[in-house]
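Right, one structure below, let's go through it.
In this chain, numbering begins with 1 at the start of the sequence shown.
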Amino acid sequence: MNTDKLYLRGAAKASRPPAFSWLAHSTRLAGPFAPLIQMLLIGLVLLSSFRLAMLVWQWERVRATGIVPEILVQGVRADLILLGYFVAIPLLLAPLLAHRRTARVWQRFTFGWTTTALIFILFMEVASPQFIMQYDARPNRLFIEYLNHPQEVFSTLWHGFRTAVLTGCALTLLLGVALVRLLKRASSTMTMWHGRKVLLVWPVLCLLVFMQIRSTTGHRPANPAMFALTGDAMVNSLVINSAWSVLDAMRSMDNEAKSSDIYGDFPREQVFAEVKAAPWLRDYQFAHPELPTLHYQPAAITRAKPLNLVIVLQESLGATFVKSLGGVAVTPELEKLKGEGWWFEQLYATGTRSVRGIEAVVAGYAPTPARSTVKLSLSQQNFYTLAAGLGDQGYHTEFVYGGEAHFDNMRSFFTGNGFQNIVDIGDMKPKFVASWGASDEDLFDKSLERLNTLHAANKPFFSLIFTSSNHEPFEFPDGKVTLHDADKQTVNNAVKYADYALGKFIREAKRQAYWKDTVFLIVADHDNRVYGDSLVPIKKFHIPGLILGADIEPKRITTIASQVDLAPTLLSLLGVSSTHPMIGRDLVRDSTTPGRALIQFNDYFAYLEGASATVLRPGQAPLPGRYDAASGHFSPGSGSATQAQVDKAMAHVILPSILYREQRYRLP
């Protein structure tokens, strides 16, 4: 019989001591289930080896936690969970295939399945160091989202991380080939059982794998949140493995509409009550029950004619690069301009992605653990933005971007929500094109041209300008600035060029007739890299913000502010009274009393109010803490957060999820 020949060939090969014969010998008794055992053993060795290497690499932060043995033990537990998922699929098919009549099919299937699973695990581990260097965490949902834009991502990787990419590919290939050979040799030693024996053993193995995946006797099965052992989010990510991190992100993205529920239950009525109780909202009338945050905001400044608005959204320009905010001195132009308008000293981004900054600045929308609304299906139309509100008041609205506007779904979101015109690289004749599009100088040249055209139309306008030069791989024209670092393509040099282009743009805009009738906001979408040895590195969310132009008088805004506060403030400065659903604070009316910031970092949500910070964590109790703005240090407190702090945090993270899910963030 063919099955007997298969067995004899396996026995013959087994008699010749192959490499890694321990693997074949150790699993021979497992019969048709040997490939699954082999995948489990190889996977554990592979994942543990990479984890040990990364712990050594990040030893200073790992050692500071004081729980290295626990990290190692819990890491193996996390690896068993992941491998349990991969074992479960072929195990469920075993009664149909794992017997002598279908021996060849079973052998080929298990060989293909185990090889694919292990190479996927290997690839994710090899890709992890570069991702950790950029995002201070293992690959997560950002890893998946960036794959939606292969042209931009591959261009960035090739120009900015070529050595890392080639090294990673070579390592994956070499180890992958070794894995294939190892599994092929081990597979050849597999013996087949009678169907009766398979059916007797199968239920026991199913029970064991079920327990392996569940990994706890608690009410809920284990999940990545259970492995948050320390106050350092990056170290917590090392405890698990990258494949599980990405697969769990994919699962959570499928359920993203209700993602704020991961922090626990909270009464719906209390959500609205807590948010509306904020000092800057409690005096407004909320007259539309079906649109719970919709209210009429009278402009704090009365004008005979409303002003124009230009928002310059600066890519990755965190406080890290502003000397007066405690950063590196690479933004001299911005430092010169800060004395000419409203300068924010404690402004915080809501997230770590450009689309998160867009939804906060342009729509006044608070963050959630889900993807940004810029990318979600229910917000592609009939979703409030400044463009939609100002468009209803006769404004011409426009978005200008040096790259391709479809990136991150921006074109769809903007055109569906009030932006009447989109200008991107296809409408430009740039002198310098980088991986992410036209240089900032080319972008601003086109913006100046468009602003003059809009001004000539004799109607108010709103223009959103989004820069890109300060983005990996940090490509910009030669000879424009004195380099801060010796190597040209560094973040400091890219920021200095972006700052140079911004200063040049503002100087030219001041010469134009529309300057006296236009309010300019210069603000970052987020910082370049968000990292730190705390669950939420609040310091890395600190960004610069400057409002100038028209009749804006110099002023320092020292209170804590969020990106969501900018749009309501701009409406008052423009002299535009309007009805909108934004929950932000109008800083024209009050810029001195304590404020708050809303921060989303991976699955953690932080509500920052004064020196107190309440962090919501999936599946765990809220964590209270203190934030020292001067040092940028967040200290998790002992004990528990006060109920009032938790209620505010819960209300502000659940509200935007409700508004999105029920499509209530819109005009009537």
Assess, by modelled atom type and distance only, whether the side chains of Asp527 and Thr320 contain a donor and an acceptor separated by less than 3.5 Å. yes

For the side chain of Asp440 and the backbone of Thr467, is there at least one donor-acceptor N/O pair under 3.5 Å apart? no

Acceptor/donor pairs from residues 509-518 side chains to any protein atom, 3.5 angstrom cut, sequence neighbours excluded:
residue, atom, partner, partner atom, Å
Lys510, NZ, Glu340, OE1, 2.7
Lys510, NZ, Glu340, OE2, 3.2
Arg511, NH1, Glu508, OE1, 2.6
Gln512, NE2, Glu508, O, 3.2
Gln512, NE2, Glu508, OE2, 3.0
Lys516, NZ, Ala513, O, 3.2
Thr518, OG1, Asn308, ND2, 3.1
Thr518, OG1, Tyr514, O, 2.6

Which pairs, with at least one residue in residues 297-322 and sequence neighbours excluded, count as a salt bridge (charged side-chain N to carboxylate O under 4.0 Å, His left out)? Arg303-Asp551

Backbone N or O of Glu449 within a donor-acceptor pair of the Thr453 side chain at under 3.5 Å? yes

Quick one: side chain to side chain contact (heavy atoms under 4.5 Å, CB included) partners of Ala629, sequence neighbours excluded? Gln346, Tyr348, Tyr627

Please indicate whether Glu290 has more than 12 foreign heavy atoms, meaning atoms of other residues, nucleotides or ligands, lying under 6.0 Å from its CD. yes

Mind checking what makes side chain to side chain contact (heavy atoms under 4.5 Å, CB included) contact with Asp392, not counting sequence neighbours? Leu667

Flag the pair Gln314 / Leu334 as yes when at least one side-chain heavy-atom distance between them is below 4.5 Å, and no otherwise. no

So Ile301 and Leu573, do their side chains get closer than 4.5 Å, heavy atoms only? yes

Can a donor-acceptor pair be found, under 3.5 Å and without considering hydrogens, that links the side chain of Asp590 to the backbone of Trp280? no

Donor + acceptor pair across side chains of Asp499, Thr331 (<3.5 Å): no

With no hydrogens and no angle check, is any side-chain donor or acceptor of Glu609 less than 3.5 Å from a backbone partner on Ala613? no

Please confirm whether the backbone N or O of Val588 pairs with a side-chain atom of Asp586, one donor and one acceptor, at under 3.5 Å? yes

Is any side-chain N of the basic residue among Lys323 and Glu335 closer than 4.0 Å to the acidic one's carboxylate O? no

Decide yes or no on side-chain contact (heavy atoms from CB on, under 4.5 Å) for Thr373 and Tyr665, but give the supporting numbers first. CA-CA 11 Å; Thr373 53; Tyr665 198 78; over 6 Å; no

Ser354 versus His526: any side-chain heavy-atom pair under 4.5 Å? yes

If you look at every heavy atom in Asp427 and Lys446, which pair is closest and at what distance? O-NZ, 3.1 Å

Where is the tightest heavy-atom contact between Asp565 and Thr569, given as atom of each residue plus distance? O-OG1, 2.8 Å

Please round to the nearest 0.5 Å and tell me the distance separating atom CD of Glu345 and atom CG of Leu325. 7.5 Å

Check Glu359 against Ser372 and note the closest heavy-atom contact, atom names and distance. OE1-OG, 3.2 Å

Please collect all ring pair (Phe, Tyr, Trp, His ring centres under 6.0 Å) contacts where either partner lies in residues 303-347, sequence neighbours excluded, each pair once. none

If we count only N and O atoms by modelled type, under 3.5 Å, do the side chains of Glu441 and Tyr497 hold a donor and an acceptor together? yes

I need the minimum non-hydrogen distance between Tyr660 and Ser377, along with the two atoms involved. OH-N, 3.5 Å

Sidechain N-carboxylate O distance under 4.0 Å for Asp424, Arg411: yes

Is the shortest heavy-atom distance from the side chain of Val519 to the side chain of Leu570 under 4.5 Å? yes

From CG (Leu546) to CD1 (Ile506), nearest 0.5 Å: 8.0 Å

What's the shortest heavy-atom distance between Arg664 and Pro292, and which atoms? CD-CD, 3.9 Å

Donor-acceptor under 3.5 Å (Ser577 side chain, Ala299 main chain): yes

Check the pair Phe414 / Leu464 against side-chain contact (heavy atoms from CB on, under 4.5 Å), numbers first and verdict last. CA-CA 10 Å; Phe414 286 146; Leu464 172 65; 3.7 Å; yes

Any idea how Trp436 and His471 line up, ring-wise: parallel (<30°), tilted (30 to 60°), or perpendicular (>60°)? tilted

Cation-pi check, Lys276 to Phe286: give yes when NZ or CZ is under 6.0 Å from the six-membered ring centre and within 45° of the ring axis, no otherwise. yes

Apply side-chain contact (heavy atoms from CB on, under 4.5 Å) to the pair Val491 and Asp485, showing each step before the final yes or no. CA-CA 9 Å; Val491 62; Asp485 300 326; 5.8 Å; no

Answer yes or no: is there an ion pair linking Arg356 with Asp408, defined by an N-O contact shorter than 4.0 Å? no

Aromatic plane relationship, Phe419 with Phe399 - under 30° parallel, 30 to 60° tilted, over 60° perpendicular: perpendicular

For Thr397 and Gln420, indicate whether the former's side chain and the latter's backbone hold a donor-acceptor pair under 3.5 Å. yes

Between Asp487 and Thr490, is any side-chain donor less than 3.5 angstrom from a side-chain acceptor? no

Flag side-chain contact, heavy atom, 4.5 Å: Tyr395 against Pro306: yes

Arg556 and Lys338: CA distance, side-chain angles, deciding distance, side-chain contact (heavy atoms from CB on, under 4.5 Å) verdict: CA-CA 9 Å; Arg556 296 293 179 94; Lys338 73 179 183 183; 3.9 Å; yes

Does a donor on one side chain and an acceptor on the other come within less than 3.5 Å for Arg661 and Thr368? no

Look at the side chain of Asn493 and the backbone N and O of Leu483, then say whether any donor-acceptor pair between them is shorter than 3.5 Å. no

Checking Asn409 against Gln380: is there a side-chain donor and acceptor pair closer than 3.5 Å? yes

Does Tyr384 reach the main-chain N or O of Gly389 with its side chain, forming a donor-acceptor pair under 3.5 Å? no

Give a yes or no on whether the backbone of Ala360 and the side-chain of Thr350 come within a donor-acceptor separation of less than 3.5 Å. no

Interatomic spacing from CZ in Phe601 to CD1 in Ile538 - rounded to 0.5 Å: 11.0 Å

Step through the shown structure and confirm whether more than 12 heavy atoms of other residues, nucleotides or ligands are within 6.0 Å of NZ on Lys496. yes

Give a yes or no on whether Lys555 atom NZ has more than 12 heavy-atom contacts from other residues, nucleotides or ligands under 6.0 Å away. yes

Could you tell me whether the side chain of Thr593 reaches within less than 4.5 Å of the side chain of Thr559, counting heavy atoms only? no

Phe466 and Phe407, any side-chain heavy atoms less than 4.5 Å apart: no

Please report the closest heavy-atom contact between Ser469 and Ala494, naming both atoms and the distance. O-CB, 3.9 Å

Sequence-distant partners of Pro430, side chain to side chain contact (heavy atoms under 4.5 Å, CB included), two or more places apart: Ile425, Met428, Val433, Ala438, Asp442

Measure the CZ-OG1 distance between Arg666 and Thr293 for me, rounded to the nearest 0.5 Å. 11.0 Å

Side-chain H-bond candidate by donor/acceptor type, Asn470 with Ser316, under 3.5 Å: no

Answer yes or no: is there a side-chain heavy-atom contact under 4.5 Å between Asp525 and Val361? no

